[in-house]
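If you read the sequence from its start, that first residue is 1, and numbering goes on from there.
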Amino acid sequence: QVQLVESGGGVVQAGGSLKLSCAASGGTFSNYVMAWFRQAPGKEREFVAHISRNGGLTNYADSVKGRFTTSRGNAKNTVALQMNSLEPEDTAVYYCAGGRWSYFQGDYNYWGQGTQVTVSS
């Protein structure tokens with residue numbers, strides 16, 4: 001089945017930017033809606049963004065709307081999350097996931113291992 005590997009996390013100052021990438025292998029990437037979720041310490045995993053199979057539709061959590069942008073390249077089996085104007089509240093482990101069009105993590109069958117994003121104030 002599909003294996004997902006995230007990269008690009010790190011430490012950044014508030015107001016800075018990071019770009020996360022997720023590489024897929026082992027399946028037909030274009031069959032899946034791709035999503036980003038995040039989990040902050042002591043909190044539940046939450047929806048961040050998702051992108052449709054052909055990349056034509058995107059949706060974002062209110063907390064990141066206007067600051068984050070997700071995109072995908074089906075030819076290269078990759079999905080990205082560009083994060084701008086980062087805030088300390090964005091500190092979390094970020095996960096990419098593949099599944100169907102949904103805000104709920106239970107609707108995503110495939111998950112990466114996560115990458116840490118830390119935003120310092």
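Shown here for Ser17 and Ser85, the closest heavy-atom pair between the two residues is OG-N, 4.3 Å. When all heavy atoms of Ala40 and Ala92 are compared, the closest pair comes out as N-CB, 3.8 Å. Looking at every heavy atom in both residues, His50 comes nearest to Thr70 through O-CG2, 3.9 Å. Nearest heavy atom pair, residue Phe29 against residue Asn77, reads CB-OD1, 3.3 Å. Listed here is the closest heavy atom pair of Trp36 and Glu6: CZ3-CG, 4.2 Å. Among all heavy-atom pairs drawn from Ala24 and Leu4, the shortest one is CB-CD2, 3.5 Å.
One N or O on the side chain of Tyr108 and one on the backbone of Arg100 form a donor-acceptor pair closer than 3.5 Å. With Asn74 contributing its side chain and Arg53 its backbone, the two residues share a donor-acceptor pair below 3.5 Å.
Gln116 contributes atom CD, which lies 7.0 Å from atom OG1 of Thr91 (distance to the nearest 0.5 angstrom). Expressed to the nearest 0.5 Å, how far SG of Cys96 lies from CD of Gln113 amounts to 7.5 Å. How far CZ of Arg45 is from CH2 of Trp111: 4.5 Å, rounded to the nearest 0.5 Å. Taking CZ of Arg72 as the reference point, atom OG1 of Thr58 lies at 12.0 Å (rounded to 0.5 Å). Expressed to the nearest 0.5 Å, how far OG of Ser71 lies from CE of Met34 amounts to 11.5 Å. Atom CG of Asp90 sits about 7.0 Å away from atom OG of Ser63, to the nearest 0.5 Å.
Residues Val33 and Tyr103 fall within the same hydrophobic cluster, defined by Ile, Leu, Val, Met, Phe, Trp and Tyr side chains chained together at heavy-atom separations under 4.5 Å. Linking ILVMFWY residues whenever their side-chain heavy atoms come closer than 4.5 Å, directly or via other members, places Leu18 and Phe68 in the same cluster.
For the pair Met83/Val117, a side-chain contact is recorded, criterion being any heavy-atom separation below 4.5 Å from C-beta on. Using a 4.5 Å heavy-atom threshold, the side chains of Thr69 and Tyr60 count as touching. Side-chain contact between Tyr95 and Val48 is absent, with no heavy atoms from C-beta onward closer than 4.5 Å. Gln13 has its side chain within reach of Ser120: a pair of non-hydrogen atoms, C-beta onward, lies under 4.5 Å apart.
Within 6.0 Å of the NZ atom in Lys43, the count of heavy atoms belonging to other residues, nucleotides or ligands does not exceed 12.
For Phe104, there are no ring pair (Phe, Tyr, Trp, His ring centres under 6.0 Å) partners, not counting sequence neighbours.
In summary, the side chains of Tyr32 and Asn109 do not present any donor paired with an acceptor at a separation below 3.5 Å, with no hydrogens or angles considered.
Between Leu81 and the options Ile51, Val64, Leu20, a side chain to side chain contact (heavy atoms under 4.5 Å, CB included) holds for only Leu20.
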